[in-house]
Amino acid sequence: YRKRESVWNSLAEPPMRTASRLFVDCLTFSARAVAAHCDSVGAQTMMIGTDAPFVHDRPGWTVEEAGISSAEERAIRHETAETFLALEAA
């Protein structure tokens, strides 16, 4: 986007700043996608969704296999949803 002045001038903020305000579901078929999201945007915007029935017998298996930190895994499994839903931690 920085290479096209027309795009640069039309945006109120850089695309990654906008992306950091979007919440995403980690129920994907790629642990690499989970890791890439954590690396580029952060775990604080990712959570395990409630799609049912689950295609895989271990929902969130990609989180386990993504090679992310325990803090990132905790954010994805609990903290992001608590923040998104304005819940107090249990």
Side-chain angles (χ1 to χ4, degrees):
Y1 82 101
R2 292 178 192 224
K3 295 182 180 194
R4 299 180 102 183
E5 189 173 342
S6 62
V7 174
W8 175 264
N9 290 332
S10 69
L11 299 175
E13 63 187 4
M16 289 308 290
R17 186 170 298 147
T18 303
S20 72
R21 291 194 311 275
L22 301 174
F23 288 85
V24 299
D25 182 344
C26 74
L27 292 180
T28 176
F29 295 101
S30 170
R32 289 178 56 199
V34 172
H37 182 87
C38 289
D39 289 343
S40 61
V41 182
Q44 74 280 357
T45 61
M46 181 177 275
M47 61 185 115
I48 295 179
T50 58
D51 299 359
F54 295 111
V55 175
H56 198 279
D57 61 345
R58 284 179 21 233
W61 68 273
T62 54
V63 176
E64 297 168 7
E65 297 181 11
I68 58 178
S69 72
S70 59
E72 290 170 317
E73 186 170 341
R74 193 170 48 253
I76 293 169
R77 291 189 176 279
H78 307 284
E79 296 169 353
T80 301
E82 290 165 355
T83 299
F84 181 77
L85 298 171
L87 301 174
E88 292 186 28

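These numbers come from the heavy atoms of this one structure, side chains and all, not from hydrogens, waters or symmetry mates.
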Say whether Leu87 and Met47 are linked into one hydrophobic cluster, either directly or through other cluster members, by side-chain heavy-atom distances under 4.5 angstrom. yes
What's the shortest heavy-atom distance between Glu73 and Val63, and which atoms? CG-CG1, 3.5 Å
Under 4.5 Å between side-chain heavy atoms, counting indirect links through other Ile/Leu/Val/Met/Phe/Trp/Tyr residues: same cluster for Val41 and Val34 or not? no
Please tell me whether Ile68 and Ile48 are part of a single hydrophobic cluster in this structure, the criterion being side-chain heavy atoms less than 4.5 Å apart. yes
Over all atoms of both residues, closest heavy-atom pair of Glu72 and Cys38: OE2-CB, 3.6 Å
Nearest non-hydrogen partners of Gln44 and Phe23, listed with the distance: O-CE2, 3.8 Å
What pair of heavy atoms forms the shortest contact from Thr62 to Cys26, and how long is it? OG1-O, 3.3 Å
Could you tell me which residues satisfy side chain to side chain contact (heavy atoms under 4.5 Å, CB included) with Ala71, sequence neighbours excluded, listed by chain and number? Ser69, Arg74
Looking only at non-hydrogen atoms, find the nearest pair between Thr80 and Ile76 and report the distance. OG1-N, 4.3 Å
Hey, could you give me the CG/CZ distance between Leu11 and Arg17, rounded to the nearest 0.5 Å? 11.5 Å
Please give me the minimum heavy-atom distance between Ala66 and Ala35, naming the atom from each residue. O-CB, 3.5 Å
